[in-house]
Enquirer: 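Pasting a structure below so you can have a look.
Here is the naming used below: chain letters follow the sequence lines, and residue numbers restart at 1 for every chain.
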Amino acid sequence: MKHFPTRRAILGTASAFTLLALTACGGNVGGGAAAGNSSKFPSGPVTLTVGQAAGGSTDLIARALAEGATKTLGSPMPVVNKPGANGALATKEVAGKTADGQELVLLTASLITITPLAVSADEAVNIDDLDIIAGLSQDDYVLVASQQSGFKSFKDVTSAGRNVTFGTTGVGTGSQLAQTVLFKQASVKGTDVPFDSGKPALTAVLGNQVELATIQLGEAMAQIEAGKVSPLLVFSEERNSFLPDVPSAKEAGYDVPVAQYRAVAAPKGTPQEVKDKLLASFQDTFKTDAYKEFNKKNLLTPKELSGEEVVTEWKGYAEKYKELVEKYDISLGGNK
Amino acid sequence: MDFLNPVINGFSVVLEPMNLLYCLIGVVIGMLIGVLPGLGPAATIAILLPLTYGVEPVTAIIMLAGIFYGAQYGGTITSVLLRLPGEASSVVTVFDGYQMARQGKAGTALGLAAIGSFIGGTAAIIGLTFLAPLVAGFALDFGPPEYSALAMLGILLVATISGGSKAKALIAASVGLLLATVGRDIFTGESRFTFGSIQLADGIDFVPIAMGIFGLGEILYNLEERHRAAKAPSKVSNVWPSKGELKHASGAIGRGSVLGFFLGILPGGGATIASMASYAMEKKRAKQPERFGKGAPEGVAGPETANNAAATSSFIPLLTLGIPANATMALMFGALLIQGVTPGPQLVEQEPELFWGVVNSMYIGNILLLIMSLPLVGIFVRILRVRAAILAPITALITLLGAYTINNSMFDVTLVVVFGVVGYLMKKFGFEPGPLVLAFVLGELLESSLRRSLLVFDGDPTGFFTRPISATLLAVFVLVAVMPGIRSLIAKRKRTTAASALAGDGTNNGANNIKEKV
């Protein structure tokens, strides 16, 4: 036992690590304590699951919302990231949980409106499997051009009369849909080059490996302001307030309204009073300066709709995109 | 001055108390696992990867880097004292280090190794400081074609340089490439090898593979090895080498720094190969090569310097190009991705604090390690008395808990267990796990960049040769690919002329063999 101290020190360090790891996943364990009685809601921490990795824009929105709602709801709202399959993994998991309001998911519109156009039916998520609590915000897509391309407006692209290369943020994304539809409508020949996400697509434009790309405004803004890429169009129906000088696709005469919307959803069959309570707490959060400031900083346009409005609007977009894709005979994915 | 500003800012990042603390934790863990035979830096980093999730990216990488180069110091101790290499990169140190210990010069051997390691490490950091921004200057010229060429070159070098059986390395690499194809095809949306599982829709994550193969696999394999009862190590005294000894070894340290630096940069290179190459070089240069294996100080100083220089310089391809040069760097790659940082040419410009913070932390880490290896060496020797029966269950538990925390997913835990068994079987049957993991990382990069390039080139492969960087890289690729053939052809011709002259020169052949192995 002469060397006991050394051994104890190692065991101590190891158990400290174990503890650390345990606390790291503690948030999820707490959420399991469900209570059927809706009048007692919330009966413990309300878990907000995010289908995207930590640090991305969806995750940041979830965290800003959860921070506010923790105060307005009077119950902790831990954010748990379960990335996979564009968020389908997390959404399907939450949809299958007890409908008591203790388990929520941050839903992205593209998962409902665009992904089904690119993946097989069993990988897609149906909005009817969920109860939408509240809409959150709109995240606009902007079409940017490299300096070397010489394109300063979308007119330059249409009048170039040649094949252009354009980067997308991946298969089955709004970025791909917006550009392929736009180019068909404008009769521009283009080669679609998919990247994994917005960042590498932007880098490719900066290096002129592709001439155009459509990415989320938040990702492109720094380079637009630095003058290293030129913004040609935004795909929202109206001009974006953060980019007032850039025309919308609609103004330019194209019918391709694409943006990323986000909402909070609960499993189907959540009691009305629970939904009301959650909605009220979110609405209180929307009014806080901290949350407003967050939206502004991340170039998000508030779109704080009721659950019903979200369902109607998203279903409308899903229908619209399906029509557009069929009309122009566009294939987003291999197995439609 | 413009160049120096971010470098100096990097120091202010390192000197934040939190970062200093993690640097210290990193190098201490590195020393410890360096001393413990079995668990290597790759395994340790794999196991601790999820724990870095909660800290700042720069802090996390500072710690993980500390583990890596710290292990290069620690591995020496057991090589010298017990003839038991703590790390693969310290295997050659056994030859002369243990002999020196038997002659009562254990202190001198450890001292020389520590000083050599310090010099090698520091020289490589300086090299890194100047080379990285140079490469980063080309950042925007690196598009899909360049990455395709780079990934191809990387895979070729991994297959040709790595030690052990070539056939087995190729098999492991093929499996890695195959695993990289799992998941949704990012160009068509088609599902590949997902077997209808939505869990596999995004493909297999790199981290569970690494944690399984390096972490759990290593633990399982070590359990099987009956732990040798630790002998009482020889007394360590007088670790400061005399002036004469230092002077004698200075040449080896200088050569080891340069050799290690360049071998570290090469994909497939790294600390182990650098130490072996340095040993071979020192032996070849020596006036009395027969002293080697009998306690030649150069045989300790050279390899120990080289392995540290290589450990440091292998950060260059990762931090400047986003290409991991060896398995440990592949883990660093994973660590950065977990943190939301994509390593690549933009890193220096976009995240200067992270880049210079990590680079400059290595100066501090090396100083800490020098202190720990010289006056405090006795403490670390005692670690050898911890039994594997205690260590293994704890590390296995940390691995599985950690695997869960990354994505809050039980599926990942299952993956770790599956790949743990794979890793164990690979080790048992003599397959290196390195090529598998590297091929996995590079395969994904190669496929997406190649297909992206062909889209940009409109399907015309000659496009690769119209761009200066990709054309150069492809030329190097061809050179490396045909080199062994040419070399053996020359050797054959030499041999035939020698044979015709009836003068079979055995020693010359031996030297050639070593050179080829290198």
Side-chain angles (χ1 to χ4, degrees), chain A residues 2-3 6-7 10-11 13-15 17-18 20-25 27-28 49 53-56 80-86 88-90 92 115 117-120 122-123 163 165 167 170-172 191-197 199-200 203-204 206-210 331-336, chain B residues 29 32 47-48 50-51 53-54 139-146 184-191 194 196 198-202 205 337-342 344-346 379 382-383 385-387 390-391 394-395 397-398 400-402 404-409 411 448 451-453 455-456 458:
Chain A
K2 215 169 92 194
H3 306 290
T6 318
R7 193 179 296 170
I10 287 191
L11 278 172
T13 324
S15 50
F17 277 139
T18 314
L20 210 73
L22 271 174
T23 37
C25 59
N28 192 43
T49 304
V80 176
N81 301 84
K82 291 198 179 180
N86 286 333
L89 201 63
K92 287 189 175 223
T115 311
L117 302 173
V119 302
S120 60
D122 52 326
E123 272 183 63
N163 190 62
T165 48
V171 167
T191 307
D192 168 349
V193 186
F195 289 85
D196 302 326
S197 63
K199 227 177 189 174
T203 307
L206 285 170
N208 198 36
Q209 275 101 35
V210 291
S331 160
L332 292 188
N335 43 353
K336 285 204 310 186
Chain B
I29 295 177
L32 287 177
I47 292 166
L48 296 182
L51 290 182
Y53 193 61
L140 289 179
D141 297 328
F142 266 84
E146 285 70 28
R184 189 175 293 151
D185 181 327
I186 59 161
F187 292 84
T188 65
E190 199 89 46
S191 291
T194 59
I198 196 169
Q199 302 270 14
L200 286 172
D202 286 345
D205 200 8
L337 289 182
I338 288 185
Q339 296 279 357
V341 177
T342 315
Q346 288 81 32
I379 298 172
R382 285 202 207 151
I383 299 299
R385 299 207 167 89
V386 181
R387 276 179 299 148
I390 295 172
L391 218 56
I394 295 172
T395 38
L397 182 69
I398 297 174
L400 294 180
L401 274 174
Y404 180 79
T405 55
I406 302 173
N407 287 334
N408 295 305
S409 150
F411 183 74
S448 57
R451 291 175 68 180
R452 229 164 254 151
S453 314
L455 281 172
V456 172
D458 210 11

Enquirer: Rounded to the nearest 0.5 Å, what's the gap from OG1 on B:Thr405 to CG on A:Asn81? Could you check?
Expert: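 Reported to 0.5 Å precision, the distance equals 11.5 Å.
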
Enquirer: For the candidates A:Lys92, A:Gln209, A:Lys199, which exhibits the highest count of non-hydrogen atom pairs separated by less than 4.5 Å from chain B?
Expert: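 Option with the greatest count: A:Gln209.
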
Enquirer: Highest number of heavy-atom pairs under 4.5 Å with chain A: which of B:Ser453, B:Pro144, B:Ser448, B:Ser409?
Expert: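 Most heavy-atom pairs under 4.5 Å with chain A: B:Pro144.
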
Enquirer: Can you tell which part of A:Asp192 gets under 4.5 Å to a heavy atom of chain B, answering side chain, backbone, both or neither?
Expert: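 The backbone, not the side chain.
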
Enquirer: Pick one of side chain, backbone, both or neither for B:Gln339, based on which atoms fall under 4.5 Å of a heavy atom in chain A.
Expert: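 Neither part.
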
Enquirer: How many angstroms lie between atom CG of A:Leu332 and atom OG1 of B:Thr188, to the nearest 0.5 angstrom?
Expert: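 One gets 11.5 Å once the value is rounded to the nearest 0.5 Å.
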
Enquirer: Can you check whether B:Leu455 reaches A:Pro194 side chain to side chain, under 4.5 Å on heavy atoms?
Expert: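 Contact flag for B:Leu455/A:Pro194 side chains = yes.
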
Enquirer: List in chain and number order the residues that pass side chain to side chain contact (heavy atoms under 4.5 Å, CB included) with A:Thr115, two or more places apart in sequence or in another chain; answer none if no residue qualifies.
Expert: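 By the side chain to side chain contact (heavy atoms under 4.5 Å, CB included) rule, A:Thr115 matches A:Asn86, A:Leu111, A:Val119.
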
Enquirer: Out of A:Asn163, A:Asn208, A:Thr165, A:Thr203, which one racks up the most heavy-atom pairs below 4.5 Å with chain B?
Expert: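 When all of A:Asn163, A:Asn208, A:Thr165, A:Thr203 are compared, A:Thr203 has the most.
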
Enquirer: Closest approach of A:Ala85 and B:Arg184, non-hydrogen atoms and distance?
Expert: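 Minimum heavy-atom contact is CB-NH2, 4.4 Å.
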
